Amino acid sequence: MSGSVTVVVGTQWGDEGKGKLVELLSGQADACIRFQGGGNAGHTVVNDAGEFKLHQVPCGIFNPACVCLMGTGTVIDPPAIMEELEGLSRKGVAVAQLLLSDRAHVVMPYHKLLDEVEDTARGAYRVETTKRGIGPAYTDKVARIGIRLQDLLSADVLRDKLEILLPRHNALLTTLYGQQPFEQEQVLAECLKWGEWLKPRIVDTVPLLRSLLKEGKQLLLEGQLSAMKDIDWGSYPFVTSSSPTAAGAATGAGIAPRQITRVIGVAKAYSTQVGTGPMPAELKDEQGERLRRLGGEFGATTGRPRRTGWFDAVVTRYVSEINGCSDLALTKLDVLDTLPEIPICVAYRYRGERIEEVPGPATHEACEPVYEVLPGWQTSTSDARALQDLPRNARAYLDRLAELVQLPIHSVGVGPHRAQTILT
Ligand code: GDP
Ligand code: IMO
Ligand code: MG
């Protein structure tokens, strides 16, 4: 018997409501796996146990029968994940089923400091990162000098690696950025303490995934961010340092691409973005402020106000294609409930020409949105539990989005609580 593998990915710029959907789907899943990113994620779950903002712990954690795994493609911040687990435990959530790949990389204290100072130094190319050390941790991984979780279990390996690593990072930090150097014995002691804490959770994921798939289990792969911030397919350089796509899910989780059975793309009924990068349908006026207020658009990780705009069908269609999405989960429809009219960005205009593909970042930045305006419904949708419960104009809006993105609708979110979801 072969199991099923569902991947959930964002199709805008992150914060589409992936966490809510993953938590809902994980009720039926045997395993929930994060495959890239780390503490830069802010995934919100609202269920009967309360409201939770998860950063490193997969959103399947609320189902005690669901194995949760930080996969090989993730970067792990040990003190932050311990704090997150303690916070969940305090609220009565069982956390014993969280496992961590022995091959995942460690976010080290110098990565966080480098993330701060390097982003400022990028000047006009600054990314406005989450400052969680993500970029520098992946940089060390690719430079083949990174520390993996399994290294935390060996003082000898750690000492060897730090002897090579620290002088290099310290030279950069002190000379170029005027920062204090990190002291080797202190870093080593900290790493060994983290290793002791995390040891019972560190596993080789290969036999684990093999047996789950052999037993016909349901696997859920939880994406972070979206392909618009993908290192290859996003608005480079205004991106993250990993691959938040279905292809990245295969590599990062350690699942053969052929085993992926479904890819659900998640999109808000409008757009938001945190950090720099092109966003042609952005609203920099009172209307944007209104969307921010109505949608509560403040970052789950950093609390920063999110940039807001109308739904960009060009972007979501592009991201859905890159991911090979099988269906589209639309979220936050209720946020539009009071609006008399709702524009959709259906194409761009660039130097007088109409464009329907996402161009390179410099051109994308200069694109003007081409809007098609649909009438609003001006009725609350938050109690709707079936498509038939929605006002006619709301259904027409959803149908138009599905047509533009060329995907069937998997579900519609009408409020933050897991129950406020219409499964189609
Ligand atoms: P993620 O990073 O993709 O998991 O999304 P975030 O959790 O960062 O941001 C989504 C925000 O929208 C959170 O505050 C959620 O509680 C909220 N949310 C998710 N779905 C819905 C919905 O359908 N309606 C409303 N009103 N809020 C939602
Ligand atoms: P979830 O999973 C929204 C943004 C940052 C910055 C860029 C790179 O909740 O959707 P990084 O810290 O990764 O080096 O920052 O990506 N960013 C996010 N924006 N939601 C996230 O995660 C994000 N993770 C990173 O603002 O522009
Ligand atoms: Mg988020």
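Counting starts at 1 for both ligands and their atoms, in listed order. Every value quoted in this text rests on a predicted model; they were computed, and no experiment measured them. Nothing fancy with the numbering, it's 1 onward along the sequence.
- Counting heavy atoms closer than 4.0 Å to ligand 1, residue Leu333 contributes nothing at all.
- The closest side-chain heavy-atom distance from Pro136 to Glu118 is below 4.5 Å.
- A distance limit of 4.0 angstrom between heavy atoms and ligand 2 selects the residues Trp13, Gly14, Asp15, Lys18, Asn40, Ala41, Gly42, His43, Val127, Glu128, Thr129, Thr130, Gln224, Leu225, Lys229, Val239, Thr240, Val274, Gly275, Arg304.
- Comment: Glu222 does not engage Arg34 in a salt bridge, judged by the lack of any side-chain N to carboxylate O separation of less than 4.0 angstrom.
- In terms of polar-atom proximity, defined here as any N/O pair under 3.5 Å, Gly19 does make such a contact with ligand 1.
- Residue contact check for ligand 1: Arg306 places a non-hydrogen atom closer than 4.0 Å to it.
- Classified by interplanar angle (parallel below 30°, tilted 30° to 60°, perpendicular above 60°), the ring pair His111/His169 is perpendicular.
- Considering backbone and side-chain atoms alike, Asp15 places an N or O below 3.5 Å from some N or O of ligand 1.
- Nearest to atom 1 (P) of ligand 1 by heavy atom, out of Lys20, Glu23, Lys18, is Lys18.
- Note on Arg132 versus Asp115: no salt bridge recorded, every NZ/NE/NH1/NH2 to OD/OE distance being 4.0 Å or above.
- If you run side-chain hydrogen bond (donor to acceptor under 3.5 Å, both in side chains) between Gln273 and each of Glu297, Lys229, Glu282, only Lys229 comes through.
- Residue Gly42 holds the heavy atom nearest to atom 2 (O) of ligand 1 of all those in Gly42, Gly17, Gly413, Gly299.
- Partner of Val187 under the side-chain contact (heavy atoms from CB on, under 4.5 Å) criterion, out of Leu165, Ile147, Leu162: Leu162 alone.
- Salt bridge present: Glu289 and Arg292 bring a charged side-chain N and a carboxylate O closer than 4.0 Å.
- Taking a cutoff of 4.0 Å between a charged side-chain nitrogen and a carboxylate oxygen, Glu357 and Arg317 do not qualify as a salt bridge.
- Taking every heavy atom of His43 and a limit of under 4.0 angstrom, the matching atoms of ligand 1 come to 1 (P), 2 (O), 4 (O), 7 (O).
- In this structure, Lys91 is positioned above the aromatic face of Phe52, its NZ or CZ under 6.0 Å from the six-membered ring centre and within 45° of the axis.
- Considering only non-hydrogen protein atoms, atom 16 (O) of ligand 1 sits nearest to Thr44 CG2, 3.4 Å.
- Distances shorter than 2.8 Å separate the Mg ion (ligand 3) from the protein N/O/S atoms Asp15 OD1, Gly42 O.
- The shortest separation from a heavy atom of Gly296 to ligand 1 is not under 4.0 Å, leaving the residue out of contact.
- Between Ser242 and the options Gln224, Gln36, Lys141, a side-chain hydrogen bond (donor to acceptor under 3.5 Å, both in side chains) holds for only Gln36.
- Atoms CD1 and CD, from Ile61 and Glu84 in turn, are 9.0 Å apart once rounded to the nearest 0.5 Å.
- The aromatic rings of Tyr125 and Phe238 lie parallel to each other, their planes meeting at an angle below 30°, with 60° marking the opposite boundary.
- Considering both main-chain and side-chain atoms, Val335 never comes within under 3.5 Å of ligand 1 through any nitrogen or oxygen pair.
- Salt bridge present: Asp15 and Arg306 bring a charged side-chain N and a carboxylate O closer than 4.0 Å.
- At least one N or O atom of Glu16 sits closer than 3.5 Å to an N or O atom of ligand 1.
- Using a 4.5 Å heavy-atom cutoff, the side chains of Thr316 and Phe311 are in contact.
- The shortest N/O to N/O separation between Lys332 and ligand 1 falls below 3.5 Å.
- Counted within 6.0 Å of CZ on Arg168, heavy atoms from surrounding residues, nucleotides or ligands total 12 or fewer; the atom is thus considered open.
- Within a 6.0 Å radius of OH in Tyr236, no more than 12 heavy atoms belonging to other residues, nucleotides or ligands are found.
- Around atom CD of Glu368, no more than 12 heavy atoms belonging to other residues, nucleotides or ligands sit under 6.0 Å away.
- Scanning all protein heavy atoms for the shortest distance to atom 22 (C) of ligand 1 gives Gly415 O, 3.2 Å.
- Comparing Ile422, Asp334, Thr381 by heavy-atom distance to atom 25 (C) of ligand 1, the nearest is Asp334.
- Looking at Lys53 next to ligand 1, no N or O pair under 3.5 Å apart turns up.
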